[in-house]
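To start, the structure itself, in structure tokens.
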Amino acid sequence: MIAATIRFFDLFSGIGGFREGLRRAGGFTCVGHCEVDAYADKNYRLLFDTEGEWFCNDARTIETERMPDFDLLCAGFPCQAFSIAGKREGFADARGTLFFEIARLVADKRPAYFILENVPGLLSHDKGRTFHTILSTLSELGYGVEWKVLNSKDFGVPQSRKRVYLVGYLDRRCAGKILPFPAANGTSLIQIFLMKKKTISDWQGRKECACWWLWG
């Protein structure tokens, strides 16, 4: 049973985009964060009261046994390796492999939920093989995963900025209850249901929102 106040860890925290959103939502408490960029971390600490929270400046050096427990892992993992604006080297780029640090933390800490964020190019990178690897990895850890591409302009922000969000959960009762949700104009967004053994190529280019039932 999740407590009334959900404890979360802010991985690849930047200046605190996830944290600010959860602060505004209410009912969330940050137990720590991780950020390698010293300037971003300086701004993070100016924006939020981090006194007494756990901190590590490099996700690769996190010793999970030293971390506090948490219910939710938030991670906007580095996108340069997947973005159409870059070389798109994927897992061949050291930044691309940081996804596996997320998997390591999830495997060791077993949070009830996680929320991941990246560029939409993640879906099509290497003809979908990269995203297939990510989904398969999370599935093997026992998580159900739903994902959707969302645009900030649909939520009252004066900017068009598309990002793919992945929501993972251990409780099967969450399946189908997280995404999709009504768009800004109140209409329902289309959701595509895919079986675990289908290839990524089956859905590439069809819709930007989808749900993969990852239960074995």
Arg45 charged N/C atom sitting above Phe55 aromatic ring, 6.0 Å / 45°: yes
Tyr44 side chain near His33 side chain, heavy-atom distance below 4.5 Å: yes
ILVMFWY cluster, Leu22 and Phe48 together (side-chain gap under 4.5 Å): no
ILVMFWY network linking Leu73 to Val31, side-chain heavy atoms under 4.5 angstrom: yes
same_hphob_cluster(Val106, Phe131) at 4.5 Å side-chain heavy-atom cutoff: yes
Evaluation steps, side-chain contact (heavy atoms from CB on, under 4.5 Å), between Leu11 and Cys74: CA-CA 6 Å; Leu11 185 64; Cys74 297; over 6 Å; no
Minimum heavy-atom distance Pro120-Lys162, with the two atoms named: CD-O, 3.4 Å
Side chain to side chain, Ile6 and Thr29, heavy atoms closer than 4.5 Å: no
From CD1 (Ile134) to OG (Ser139), nearest 0.5 Å: 13.5 Å
CA sep, side-chain torsions, deciding dist, call: Glu53, Arg19, salt bridge (charged side-chain N to carboxylate O under 4.0 Å, His left out): CA-CA 13 Å; Glu53 295 179 4; Arg19 182 163 182 164; 2.7 Å; yes
With sequence neighbours excluded, residues passing ring-ring contact (aromatic ring centres under 6.0 Å, His included) with Phe70: Phe9
Nearest heavy atoms of Gly16 and Asp10, plus distance in Å: CA-OD2, 4.4 Å
Val164 side chain near Val119 side chain, heavy-atom distance below 4.5 Å: no
Validation row: Phe28, Thr5 side chains within 4.5 angstrom (heavy atoms): no
Close side-chain approach of Cys34 to Asp58, heavy-atom, < 4.5 Å: no
Stepwise side-chain contact (heavy atoms from CB on, under 4.5 Å) check, Leu138 with Phe114: CA-CA 10 Å; Leu138 298 171; Phe114 60 74; 3.7 Å; yes
Side chains of Tyr165 and Glu117 in contact at under 4.5 Å (non-hydrogen atoms): yes
Residue pair Tyr169 / Ile178, side-chain heavy-atom distance below 4.5 Å: yes
Asp71/Arg7 under salt bridge (charged side-chain N to carboxylate O under 4.0 Å, His left out): CA gap, chis, key distance, verdict: CA-CA 5 Å; Asp71 310 302; Arg7 300 164 298 170; 3.1 Å; yes
Heavy-atom closest pair, residues Ala59 and Phe12: CB-CE2, 3.7 Å
Same apolar cluster (I L V M F W Y, side chains within < 4.5 Å links), Val36/Trp54: no
Flag, side chain of Glu146 to backbone of Gly176, donor-acceptor distance under 3.5 Å: yes
Worked verdict on Trp147 versus Leu116 for side-chain contact (heavy atoms from CB on, under 4.5 Å): CA-CA 9 Å; Trp147 73 90; Leu116 311 182; over 6 Å; no
Side chain to side chain, Thr133 and Phe99, heavy atoms closer than 4.5 Å: no
Met67, Arg104, Glu65 screened by side-chain contact (heavy atoms from CB on, under 4.5 Å) with Lys109, the one that passes: Met67
Glu101/Arg60 ion pair, N-O < 4.0 Å: no
CD1 (Ile15) with more than 12 external heavy atoms under 6.0 Å: no
Minimum heavy-atom distance between Asp37 and Glu35, given as atom pair plus value: N-OE2, 2.9 Å
Exam field: side chain Asp154 to backbone Leu150, donor-acceptor pair closer than 3.5 Å: no
Candidate pair Leu141 and Arg110, rule side-chain contact (heavy atoms from CB on, under 4.5 Å), full reasoning: CA-CA 9 Å; Leu141 292 174; Arg110 307 300 292 169; 4.0 Å; yes
Distance-only donor-acceptor check, side chains Asp171 and Tyr113, under 3.5 Å: no
